[in-house]
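See below for the structure under consideration.
Hydrogens, waters and symmetry mates play no part in the numbers below; they use all other heavy atoms, side chains included. As the structure is a prediction and not an experimental result, all values here were calculated from the model. Letters go in sequence order (proteins before strands), and every chain restarts at 1.
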Amino acid sequence: MSPSEAVRLCAALAQCEIALVRRDPVAPALLSQAARHASGLGPGALVAAAAGLARAVDPSAGGDDAAAARKVVQALCRAAAHEAEAALLAGAAA
Amino acid sequence: MRVWGEDAAVLAAAGADLAALAALEQTLEDGLGDLPRAGSVDAHVHLGRDADGHALDPDALVADLDRWGIAAAVCFPANEPGADGRFTAANAAVLEAAGRHPGRIVPFCRIDPMGPGALDALEAAAAGGARGLKLHPVAQRFRPEAPEVVAAVAAAARRGWPVTIHAGYGARELAGPIGSLVAAVPGARIILAHAGRGDARALAARLGEWPDVMLDTSLAALADLTVLPPGRLCFGSDRPYGEHATALGLVGAAARLAGWTDGERSAVMGGNLRRWIG
């Protein structure tokens, strides 16, 4: 993952995080963007899974099912962000 | 079965591809390498149902601890102050859970230090077996250096309790207020949650002045964990807001990037906190 790819993905995932916390209906669209940014990169499968699950569940919906799915989407995004951030930090230290 | 910290049946009802999610979780676990988990302690778990809907019950938590090989968890109430505003029922529920899971759940109490009867609530929790205090300046809307907070932290310090203070999402400037609090209660054992990401650079700059301040890693920023001294860090998940897969992955990544020794990794995963909670 190049620094520019990592920065782009980190920025996109940060947008997703706040949209998910706020249960904003724009979250699935932002996650689809992030998935495109991550495609072919290390965290690609994580972000693709997050985007797919977000499309299946209205992020602003109530109920235990939606809440559980939203939390898993957030976890997948966290895992992807950690991987992108680690790539950046490792590059900076090199 | 639980996947990414959630009940698999509930996720299936939401349309999730459980096999794919489990495979991704396993990949993350494989990447943990030999991060030491035997004897580890999760420093940051909420039990109960938060006003915002997040919920975790003790049995689900213990299932998660077993799944990830984590020995114990410090638990305190979610943001559910109850009708009396004193977290009476929520604290009692955490204490009851600790009684049902001895050695697995270390109970901290939660109070609103600005509310009436706050110190009475703390004393009641102590009588029931609480071993620490949790304060949330954002949810309960107070300044960490307020006289009422100083009184609560002093009461905890007299008992030798650690005090976990929210220092992440939504936190205001923290370095000055925490400095005032530490000066007002010398020897107080403070755990700044989320590695202080709400004011990370300013807190890190002053950490050397505060020998009795630690930071938990729950939902922390990786960049912060790589520059903070591992002797001051304690692993945490912030269940049910966070979950254990990424909480462990975060610490594993920080350990690799910062080059922590085996001893430092063990200390972060439990040794540092056990010095305070036994």
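- None of B:Ile70, B:Leu35, B:Leu273 except one satisfies the side-chain contact (heavy atoms from CB on, under 4.5 Å) rule with B:Ser40; the exception is B:Ile70.
- When the shell of 6.0 Å around CD of B:Glu29 is examined, it contains more than 12 heavy atoms from other residues, nucleotides or ligands.
- Checking side-chain atoms of B:Arg197 against main-chain N and O of B:Ala200 turns up no donor-acceptor pair under 3.5 Å.
- For a heavy-atom cut-off of 4.5 Å, chain A lies close to B:Leu219, B:Leu222, B:Ala223, B:Thr226, B:Pro240, B:Tyr241, B:Gly242, B:Glu243 in residues 218-244 of chain B.
- Chain A forms more heavy-atom pairs under 4.5 Å with one residue of B:Leu28, B:Thr27, B:Leu11 than with any other, namely B:Leu11.
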Legend entry - Test side chain to side chain contact (heavy atoms under 4.5 Å, CB included) applied to B:Thr246 and A:Leu76, step by step: CA-CA 8 Å; B:Thr246 60; A:Leu76 292 164; over 6 Å; no

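- Ion pair B:Asp66/B:Arg104 flagged as a salt bridge, since at least one NZ, NE, NH1 or NH2 atom sits closer than 4.0 Å to an Asp/Glu carboxylate oxygen.
- For A:Leu53, the part lying near chain B is the side chain, with the backbone staying farther off; criterion is any non-hydrogen pair under 4.5 Å.
- Counting heavy-atom pairs closer than 4.5 Å to chain B, the top-ranked of the candidates A:Ala49, A:Ala75, A:Ala69, A:Ala45 is A:Ala75.
- Most heavy-atom pairs under 4.5 Å with chain B: of the set A:Glu85, A:Gln74, A:Lys71, this distinction falls to A:Lys71.
- Remark: B:Arg201 CZ is loosely packed, at most 12 non-hydrogen atoms of other residues, nucleotides or ligands lying under 6.0 Å away.
- Donor-acceptor pairing under 3.5 Å is lacking for the side chains of B:Asn79 and B:His46.
- Salt-bridge formation is detected for the pair B:Arg67/B:Glu25: a Lys NZ or Arg NE/NH1/NH2 atom is positioned less than 4.0 Å from an Asp or Glu carboxylate oxygen.
- In this structure, chain A has no heavy atom under 4.5 Å from any part of B:Ala12.
- Looking at B:Leu250, the atoms closer than 4.5 Å to chain A (heavy atoms on both sides) sit in the backbone and in the side chain alike.
- Annotation: B:His166 is in aromatic contact with B:His194 [ring centroid separation under 6.0 Å].
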